[in-house]
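In what follows, a structure is listed as structure tokens, so that the remarks can point back to it.
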Amino acid sequence: MATSYAAQLIELSLSTPTPILRFGTFTLKSGRISPYFFNFGLFNTGALLLSLATAFADAIVAEYPAIGLADPAPGTPEVLFGPAYKGIPLVASVAAELARRGRDVGFAYNRKEAKAHGEGGSIVGAALDGKAVLIIDDVITKGTAIREAYKVVAQENGAVIGIASALDRQERGNGELSTVQEVERDLGMKVLSVVKMHDVIEWLRTQGRAGELEALEAYRKEYGV
């Protein structure tokens with residue numbers, strides 16, 4: 001069964017004037033023909049970004065119940081980090097939504113190029129040194145950007161303890177594992193995803209959308225993990 005926040009985000013993504021989630025035939029960068037496509041770049045208004053941030057916050061609080069509270073338990077993120085560029089509005093809006101719930105945490109992001117004047121450096125926002133850090137990004141496609149973000153945090157002496165992404169397609173990469181599973185294996189930490197392919201499948205099942213459900217089930221059978 002899909003989580004409530006995943007179901008709400010799926011429904012919202014189908015209801016926008018230009019649908020954020022579409023069903024049909026889409027050629028991915030991998031060359032695979034996918035029966036669905038999420039375009040997270042279309043969360044491009046304040047209301048839509050707030051809805052995405054709310055879903056992220058729901059998922060993060062479910063995974064880290066003590067985040068932003070006094071005396072959090074070990075293994076609780078202290079700072080949120082959004083890699084440039086798409087992670088920047090995400091991390092700021094998620095931090096704001098957590099604060100609205102009484103859970104105030106720092107957030108930071110990086111510049112693509114280090115600044116030589118003013119405050120200098122490549123990091124903007126909360127200090128990462130000695131902090132437990134949760135990386136926030138939209139979709140892990142090949143894992144390259146997340147690994148780079150991990151290195152950026154490590155260079156600032158931060159300790160990445162988890163990753164939160166908007167979507168896990170739950171399909172194989174080059175081997176038997178998915179890209180998300182490869183990241184989890186290589187970095188030794190959990191990747192938390194707001195929406196997974198199985199959430200989309202379960203939502204289609206509850207809505208009785210048989211044709212789209214059949215297409216996604218076939219795709220999962222061929223490429224899923």
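No experiment lies behind these values; they were computed from the predicted model shown. When reading the values below, keep in mind they use all heavy atoms of this one structure, side chains included, and skip hydrogens, waters and symmetry mates.
Using a 4.5 Å heavy-atom threshold, the side chains of V225 and E176 count as separate. When side chains are defined from C-beta on, V195 does not count as touching Y5, because their heavy atoms never get closer than 4.5 Å.
Between F43 and F40, the ring planes lie parallel to each other; the angle is under 30°, not in the 30° to 60° tilted range.
Linking ILVMFWY residues whenever their side-chain heavy atoms come closer than 4.5 Å, directly or via other members, places V194 and L14 in the same cluster. Neither I33 nor Y219 shares a network with the other; the hydrophobic side chains, linked directly or stepwise wherever heavy atoms of I, L, V, M, F, W or Y lie under 4.5 Å apart, form separate groups for each.
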Does E217 form a salt bridge (Lys or Arg N to Asp or Glu O under 4.0 Å) with R205? I'd like the steps, not just the answer.
CA-CA 10 Å; E217 290 277 27; R205 182 174 288 114; 2.5 Å; yes
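Across R32, E182, Q181, a single residue satisfies side chain to side chain contact (heavy atoms under 4.5 Å, CB included) together with R172, and that is R32. A side chain to side chain contact (heavy atoms under 4.5 Å, CB included) with R169 is found for one member of V180, L28, T141 and no other, namely L28.
Within the 3.5 Å criterion, the main-chain N or O of A84 finds a donor-acceptor partner in the side chain of N110. For E184 (side chain) and V191 (main-chain N/O), a donor-acceptor pair under 3.5 Å exists by modelled atom type. The main-chain N or O of A132 is found under 3.5 Å from a side-chain atom of E78 such that the two form a donor-acceptor pair. Although no hydrogens or angles enter the test, the distance criterion places no donor-acceptor pair under 3.5 Å between the side chain of T76 and the main chain of P72.
Atom-to-atom distance recorded for I136:CD1 and L80:CG is 4.5 Å, nearest 0.5 angstrom. The OG atom of S4 sits 6.5 Å away from atom CG of D58, with the distance rounded to the nearest 0.5 Å. Atoms CD1 and NZ, from I88 and K86 in turn, are 12.5 Å apart once rounded to the nearest 0.5 Å. Taken to the nearest 0.5 Å, the CZ atom of F38 stands 4.0 Å off from the CG atom of L21. With values rounded to the nearest 0.5 angstrom, E148 atom CD is found 7.5 Å from T144 atom OG1. We find the NZ-CG distance between K131 and L134 to be 15.0 Å, quoted to the nearest 0.5 Å.
Residues D186 and R147 share a closest heavy-atom pair of OD2-NH2, 2.6 Å. The shortest heavy-atom contact between I161 and P77 is CD1-N, 3.5 Å. Shown here for V79 and A127, the closest heavy-atom pair between the two residues is CG2-O, 3.8 Å. Closest heavy-atom contact between P83 and A149: CB-CB, 3.9 Å. Considering every non-hydrogen atom in both F23 and Y36, the closest pair reads CD2-CB, 3.7 Å. Contact between T3 and D199 at its shortest, heavy atoms only, is N-OD1, 3.8 Å.
Between the side chains of Q170 and Y223, no donor-acceptor pair is found at a separation under 3.5 Å.
A salt bridge links E97 with R101: at least one charged nitrogen is closer than 4.0 Å to a carboxylate oxygen. Salt bridge absent: E156 and K151 never bring a charged side-chain N and a carboxylate O closer than 4.0 Å. Between D168 and K196, no side-chain nitrogen of the basic residue sits less than 4.0 Å from a carboxylate oxygen of the acidic one, so the salt-bridge criterion is not met.
More than 12 heavy-atom neighbours from other residues, nucleotides or ligands sit within 6.0 angstrom of CD on Q207.
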